[in-house]
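Report on one structure; see the data block that follows.
Numbering of ligands and ligand atoms starts at 1, following listing order.
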Amino acid sequence: MSASEPLVRLDAFGLYCPQGDFHIDPWRRVPRAVITHGHGDHARSGMGHYWTQRDGVPILRKRLGRYVPLDGIDYGEPLRFGDVTVSLHPAGHILGSAQVRLEHQGRVWVVSGDFKRDPDPTCAPFEVVPCETFITEATFAYPVYRWPAGDQVAREILEWWQQCSAAGRPAVLFSYALGKAQRILAELAALTEDEVLLHGAMVDLVAIYRNAGVKMVPTRPVSEFGARADFSGALVLAPPSAAGSKWMRRFHGASTGFASGWMQIRGNRRRQGHDRGFVLSDHADWPSLLQTVRECGARQVLATHGHTDVLVRHLQEQGVDARPLATPYGEAEQQDAVEDASDDVSEDASEDASEDVSEDA
Ligand SMILES: [Zn+2]
Ligand SMILES: [Zn+2]
């Protein structure tokens, strides 16, 4: 094997490390899979064995099955695959999310998975890992994407909730069930102790975050309320797939909002048809993508998903050897749709969620 051979290349199954004979976030069945985090486009079922960061273990078990062969490892803990040393480092994306560092004969490559640089009370902050090649996501690689601070967005959400409450209306906020929902609950905990109601698809995932020690506002499943419950003044969190479903009928007169990075684009806000759009993303915005490439010192950058063409062109103009890598990650994110919610809903046995399945099928 030549000394210049890539440490990671695309094969039909995923991102493959030939020197260590394992895959990262594979999309087809392979014997050995290192998983960056629990979102459905990165953690798929059917792998022979899984490795992921310790805090991500209950998330993977919840989504892939309780008995999947899975090892949890700590951030920074070295793992050997052949003569490749692998370690996981915080990606700041969701609980347990990791960048994968690969070291072989003095060369270091890093696979970012999904990541962000903004403070997030639900997970360890992103760590800059020096490397010669950085394989990065590019979900929001467009100069228009610049995130406001999460605590400021939480204040806007609270104000909207209070306005709805004063008007006697429920406030229903749509967000991804894994990561975004818990981040909202944690950001709100700095501002209020009032209870937030949860769609069935979010209940177990919120419990996993609580077990990991993440401080959030109190929560209660919507399913605990009777058929004639009055939800005026309540804030309800639900996955995007619940919008327009039969499940929504109980929130008569509700104001609806959507929390997503896509809400930065006016047209998306209009198209979604919600009363409010809150700009909150768990991905790196444009300035932090560029900052991260600079800080890790990579001479080569490979972009896996999102606006890869925009990022690649910009980096090439800066003299960086940049190329796209065509992966299927983030397809759902690109469609403004449902990164996670659809499979969460179908997994959920609760009465309210099963209604959703029939509507969404
Ligand atoms: Zn993700
Ligand atoms: Zn992703």
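His39 contributes ND1 as its N, O or S atom closest to the Zn ion (ligand 1). Within Asp41, the N, O or S atom at minimum distance from the Zn ion (ligand 2) carries the name OD2. Within His42, the N, O or S atom at minimum distance from the Zn ion (ligand 2) carries the name NE2. Atom OD2 is the N, O or S atom of Asp114 at the shortest distance from the Zn ion (ligand 2).
Between His274 and Phe258, the angle of the ring planes lies from 30° to 60°, which puts this pair in the tilted group. Taking the six-membered ring where the residue is Trp, Tyr142 and His307 present tilted rings, their angle falling between 30° and 60°. Between His37 and His93, the two ring planes are perpendicular [angle over 60°; tilted spans 30° to 60°]. Phe81 and Trp51 have perpendicular rings, their planes meeting at more than 60° on a 0 to 90° scale where under 30° would count as parallel.
When NE2 of His37 and NE2 of His93 are joined through the Zn ion (ligand 1), the resulting angle is 100° to the nearest 10°.
Rounding to the nearest 0.5 Å places CZ of Arg44 at 8.5 Å from CH2 of Trp27.
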